[in-house]
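Working notes for the structure below.
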Amino acid sequence: MIRRTTTTLALAAALVVSGAGAASAHECYVANRSDKGNAGAANSANWYTLQVAELYSSVHFFMPELFPQPLTEAQVAHAVELTAQAGVPTSFTVFEKFTVPRSMDEASDKSSDGKGIDHFFAGYGEQLIGIALEASQAPA
């Protein structure tokens, strides 16, 4: 439980630096892996499946200037719906055993190309922040 909480908080923190490329390069996931493959990987101690609802529920901890109050359950549900409509995965299975270092050039060129190992926040960070901001304006 502590490990999952730590992972969730670390990934939410990555929202803050999502535009920084290599700074968020450790949220590795296999972009073209099937749901069945993700389920199998989640049984390993090296991988963790995170629901974006967890990120939206904790974003106020890491971006209090944008989110002074936590999103309500209804706002989180709305954000997840917007995420799905935008074609962004609503869950992703990340490798959490160690950091895979990448240069700034590699992070910008290959970290979100939808092939092999990608970095979730390099590809989707800005969208997630925008969706969270939009959802925060929805009725509670």
Side-chain angles (χ1 to χ4, degrees):
M1 183 66 177
I2 292 174
R3 181 175 167 187
R4 288 183 182 205
T5 301
T6 302
T7 299
T8 300
L9 294 175
L11 291 172
L15 281 172
V16 176
V17 295
S18 63
S24 62
H26 62 282
E27 280 72 32
C28 302
Y29 76 107
V30 180
N32 53 354
R33 183 167 44 202
S34 69
D35 289 341
K36 186 175 181 179
N38 279 335
N43 290 324
S44 165
N46 297 329
W47 295 85
Y48 171 67
T49 299
L50 180 72
Q51 304 296 322
V52 294
E54 294 176 67
L55 293 176
Y56 292 131
S57 295
S58 60
V59 71
H60 64 285
F61 290 125
F62 300 96
M63 301 184 82
E65 65 283 351
L66 293 177
F67 304 96
Q69 300 296 318
L71 297 181
T72 65
E73 287 184 31
Q75 290 169 329
V76 169
H78 182 59
V80 172
E81 182 180 309
L82 292 173
T83 301
Q85 289 173 4
V88 176
T90 57
S91 70
F92 55 102
T93 303
V94 296
F95 190 72
E96 63 179 2
K97 187 170 183 174
F98 56 82
T99 299
V100 179
R102 298 232 180 207
S103 72
M104 289 297 272
D105 290 336
E106 283 182 302
S108 62
D109 292 344
K110 296 181 182 181
S111 66
S112 59
D113 65 0
K115 300 175 185 176
I117 303 294
D118 276 359
H119 301 120
F120 193 79
F121 292 106
Y124 300 112
E126 289 181 27
Q127 280 182 285
L128 292 174
I129 292 170
I131 289 169
L133 286 169
E134 183 177 342
S136 72
Q137 301 305 310

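Please read these numbers as outputs of a predicted model, since none were measured by experiment.
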Tell me, please, which residues at least two apart from [X] pass side-chain contact (heavy atoms from CB on, under 4.5 Å).
| X | result |
| --- | --- |
| A74 | T72 |
| Q85 | E81, L82 |
| E73 | none |
| S57 | V76 |

### Summary
Note: S58 and F62 closest approach over all heavy atoms is O-CD1, 3.8 Å
### Query
Where is the tightest heavy-atom contact between F67 and L71, given as atom of each residue plus distance?
CD2-CD2, 4.4 Å
#### Entry: With S91, the side chain to side chain contact (heavy atoms under 4.5 Å, CB included) member among V52, T49, T83
T49
### Query
What distance do E54 atom CD and Y48 atom OH have between them, rounded to the nearest 0.5 Å?
3.5 Å
### Message
Rounded to the nearest 0.5 Å, what separates atom CD1 in I129 from atom CG in L55?
### Response
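Reported value, rounded in 0.5 Å steps: 10.5 Å.
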### Query
Any donor and acceptor pair, going by atom type alone, linking the side chain of Q127 with main-chain N or O of Y124 inside 3.5 Å?
no
May I have the list of side-chain donor-acceptor pairs in residues 130-140 shorter than 3.5 Å, sequence neighbours left out?
from : atom 1 : to   : atom 2 : distance (Å)
S136 : OG     : L133 : O      : 2.7

